[in-house]
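Since this is a predicted model, take the numbers as computed values, not measurements. Worth knowing before you read on, the calculation uses all heavy atoms, side chains too, and leaves out hydrogens, waters and symmetry mates.
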Amino acid sequence: MKTREVKVGKFILGGKNPVRVQSMCNTDTRDAKATAAQILRLENAGCEINRVAVPDMDAAKKLGEIKKQIHTPLVVDIHFDYKLALEAIKQGVDKVRINPGNIGDIKNVEEVVRACKDNGVAMRIGVNAGSVKYLKNISGSPDLTTEKWAQIMVDEAFEQVNILEKLNFKNVLVSLKADDTARTVAANEKFAKMSDVPLHIGLTEAGSFLAGTVKSSIALGTLLQKGIGATIRVSLTEYPAMQVRAAYEILKALGLREFGPDIISCPTCGRCNVDVGAAVKELEEKIYSDAELLKKSTGMKIAVMGCIVNGPGEARDADFGIAGGKGEGIWFERGAQSGKIPQKKWIETILNKIRERKI
């Protein structure tokens, strides 16, 4: 969908620009060394925009020190105290995640907006289903339809956007997140039809690695296929680098981004005489921990199949791969077989093939 463009550090978000991958540190921001170190690890994992929590002024004053050590745009997560936003902007951050409605008097909002304008800082309005103002007026769990939930979230987002529009501030993104797919999809679809403000999409509190990735894939995949989403975060109860990896796998599956290889492997059956799972795990670990291998393998389709019955045929469109037998495997490229390789040399052979690629 057509949206306005928003500048966040070195990236232009929205419009026809690529969907960018975000994550959030789980370190104590007051520990600048640990936070910067985690961001550098996230950068190596492919994270393009990184967010940190700013619970107090001590954390806010460490942002400049963190910023000097990293290479990606830095986003701060701030609630209630507008002075934290002002200090964060002073420290050189690239985007502020804030709700204008929860930082007090309109004069506070005006001051933050003025600072953002003067320093080229973007703002994200974050609306989470679990913290909408509607919930403050009821007790217990609300019995609302998905449509009603979505409307409440969208209304609150526009309430915040309108505050900024009146101040002639348009360098804004919005996020509308719930912990389930239905509300998340409905709210984002409804907002996207009504506004050209670009959306940062994700589920909030999605869950564990497996459950959270499945839910996120369904929700975000649905939105991305409709052209909704300028940036993406997969919120998992996992080390942040795994959130990045999951985000890229979603984008890769939809053909929106390339990052690393597409490794296809069979689920194995009674014909399998090799440990396909261990081979794939080792291959991924080696590729994603090596910048050269990651770069050279990006866009490649690599197959690791468990037997020679269906392996080469089912992976015919793979650039190359191995179909396992007992203690060895058949090497094939584009479905054509070309010799046998001992099992202990599978990974080495695949990695050497990647290294040979000229890009």
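- With a 4.5 Å cut-off on side-chain heavy atoms, Trp331 and Thr349 count as touching.
- For the pair Leu236/Ser208, no side-chain contact is recorded, criterion being any heavy-atom separation below 4.5 Å from C-beta on.
- At a threshold of 4.0 Å, the pair Glu147-Lys190 counts as salt-bridged, since one of the basic side-chain nitrogens sits closer than that to a carboxylate oxygen.
- To the nearest 0.5 Å, atom CD of residue Glu238 and atom CG of residue Leu210 are 10.5 Å apart.
- Cluster annotation: Val121 is connected to Val161 through the hydrophobic network of ILVMFWY side chains, with a link wherever side-chain heavy atoms come within less than 4.5 Å.
- The local environment of NZ in Lys7 is crowded, with over 12 non-hydrogen atoms from other residues, nucleotides or ligands closer than 6.0 Å.
- With hydrogens and angles disregarded, no donor-acceptor distance shorter than 3.5 Å links the side chain of Asp58 to the backbone of Arg30.
- The pair Lys193-Glu189 fails the salt-bridge criterion, with no side-chain N (NZ, NE, NH1 or NH2) lying under 4.0 Å from an Asp/Glu carboxylate O.
- The shortest distance between side-chain heavy atoms of Ile263 and Val280 falls below 4.5 Å.
- Among all heavy-atom pairs drawn from Pro73 and Gly9, the shortest one is CG-CA, 4.1 Å.
- Distance check: Lys10 NZ to Ile49 CD1 gives 9.5 Å after rounding to the nearest 0.5 Å.
- Interatomic distance, Phe158 CZ to Ile163 CD1, rounded to the nearest 0.5 Å: 13.5 Å.
- In summary, the side chains of Asp77 and His79 do present a donor paired with an acceptor at a separation below 3.5 Å, with no hydrogens or angles considered.
- Closest of all the heavy-atom pairs between Val96 and Ala85 is CG1-CB, 4.3 Å.
- Partner of Met123 under the side chain to side chain contact (heavy atoms under 4.5 Å, CB included) criterion, out of Leu173, Val8, Leu164, Asn171: Leu164 alone.
- Not a single donor-acceptor pair under 3.5 Å links the side chain of Gln243 to the backbone N or O of Tyr239.
- Between the side chains of Glu87 and Gln91, at least one donor-acceptor pair of N or O atoms lies under 3.5 Å.
- One distance of note links NZ of Lys177 with CG of Asn128; it measures 7.0 Å at 0.5 Å rounding.
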Item to check | side chain to side chain contact (heavy atoms under 4.5 Å, CB included) assessment of Cys116 paired with Ile89 | outcome: CA-CA 7 Å; Cys116 285; Ile89 295 167; 3.7 Å; yes
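- Closest approach of Val154 to Ala187, counting heavy atoms only: CG2-O, 3.4 Å.
- Atom NZ of Lys286 sits about 9.5 Å away from atom CG of Leu293, to the nearest 0.5 Å.
- Contact annotation: the side chain of Thr3 never approaches that of Val197 to less than 4.5 Å [non-hydrogen atoms, C-beta and beyond].
- Checking Asp275 against Gln343 by side-chain atom types alone, no donor-acceptor pair falls below 3.5 Å.
- Between the OG1 atom of Thr184 and the CH2 atom of Trp149 there is a distance of 11.0 Å, given to the nearest 0.5 Å.
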Checklist entry - Can Glu249 and Lys252 be said to form a salt bridge (charged side-chain N to carboxylate O under 4.0 Å, His left out), step by step? => result CA-CA 5 Å; Glu249 292 301 328; Lys252 283 163 58 178; 3.1 Å; yes
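- Side-chain polar atoms of Asp155 and Gln151 form a donor-acceptor pair below 3.5 angstrom.
- Between Val52 and Met24, the closest side-chain pair of non-hydrogen atoms is not below 4.5 Å.
- The aromatic rings of Phe259 and Tyr248 lie parallel to each other, with less than 30° between the two planes, well short of the 60° mark.
- Counting only distance, with no hydrogens or angles, the side chain of Lys296 and the backbone of Lys353 share no donor-acceptor pair below 3.5 Å.
- Using a 4.5 Å heavy-atom threshold, the side chains of Arg97 and Val76 count as separate.
- Ile228 and Leu251 end up in the same hydrophobic cluster when Ile, Leu, Val, Met, Phe, Trp and Tyr side chains are linked at under 4.5 Å.
- For Lys33, the side chain to side chain contact (heavy atoms under 4.5 Å, CB included) test picks out Asp31, with sequence neighbours left out.
- Using a 4.0 Å cut-off between charged nitrogen and carboxylate oxygen, Lys62 and Glu65 do not count as a salt-bridge pair.
- Listed for the Glu328 side chain is no donor-acceptor partner under 3.5 Å among the backbone atoms of Pro342.
- Two residues are said to be in side-chain contact when any heavy atoms from C-beta on lie closer than 4.5 Å; Tyr288 and Pro261 meet this criterion.
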Checklist entry - Should Asp196 and Lys2 be marked as a salt bridge (charged side-chain N to carboxylate O under 4.0 Å, His left out) after you check the CA-CA gap, both sets of side-chain angles, and the distance that decides it? => result CA-CA 7 Å; Asp196 70 343; Lys2 185 178 180 181; over 6 Å; no
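- Counting only distance, with no hydrogens or angles, the side chain of Trp346 and the backbone of Ile322 share no donor-acceptor pair below 3.5 Å.
- Both Leu220 and Phe191 belong to a single network of hydrophobic side chains, linked directly or stepwise wherever heavy atoms of I, L, V, M, F, W or Y lie under 4.5 Å apart.
- Between the side chain of Thr35 and the backbone N or O of Asp28, at least one donor-acceptor pair lies under 3.5 Å.
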Next on the checklist: Evaluate Val276 against Met305 for side chain to side chain contact (heavy atoms under 4.5 Å, CB included), listing each step before the verdict.
Outcome noted: CA-CA 7 Å; Val276 174; Met305 310 300 284; over 6 Å; no
Item to check | Steps toward salt bridge (charged side-chain N to carboxylate O under 4.0 Å, His left out) verdict (Glu292, Arg355) | outcome: CA-CA 8 Å; Glu292 180 190 9; Arg355 292 188 181 99; 5.1 Å; no
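- Leu223 is not connected to Val6 by any chain of hydrophobic side-chain contacts under 4.5 Å among Ile, Leu, Val, Met, Phe, Trp and Tyr, and they are in different clusters.
- In this structure, Asp317 pairs ionically with Lys301, as a charged nitrogen and a carboxylate oxygen lie closer than 4.0 Å.
- Residue Lys117 qualifies as enclosed at atom NZ: its count of foreign heavy atoms under 6.0 Å is above 12.
- No hydrogens or angles considered: nothing links the side chains of Glu258 and Thr298 as a donor-acceptor pair under 3.5 Å.
- Judged by distance alone, with hydrogens and angles left aside, the side-chain atoms of Asp180 form a donor-acceptor pair with the main-chain N or O of Arg183 at under 3.5 Å.
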Next on the checklist: For Asn50 and Ile70: C-alpha separation, side-chain torsions, deciding distance, then whether side chain to side chain contact (heavy atoms under 4.5 Å, CB included) applies.
Outcome noted: CA-CA 10 Å; Asn50 287 285; Ile70 65 175; 5.8 Å; no
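- Placement of Ile264 and Ile302 in two distinct hydrophobic clusters is found when ILVMFWY residues are connected by side-chain heavy-atom separations under 4.5 Å, directly or transitively.
- Between Thr72 and Glu48, the side chains place no donor N or O within less than 3.5 Å of an acceptor N or O (distance only, hydrogens not considered).
- When atom types are taken as modelled, the side chain of Asp94 and the backbone of Leu74 share a donor-acceptor pair closer than 3.5 angstrom.
- Looking only at atom types and distance, the side chain of Arg41 has no donor-acceptor partner in the side chain of Asn44 under 3.5 Å away.
- No side-chain donor-acceptor contact under 3.5 Å links Arg124 to the backbone of Lys95.
- The shortest side-chain heavy-atom distance between Val174 and His200 does not fall under the 4.5 Å cut-off.
- Side chain of Asn119 to backbone of Ala115: a donor-acceptor contact under 3.5 angstrom is found.
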Checklist entry - side chain to side chain contact (heavy atoms under 4.5 Å, CB included) between Val21 and Thr231: does it pass, once the steps are laid out? => result CA-CA 6 Å; Val21 172; Thr231 69; over 6 Å; no
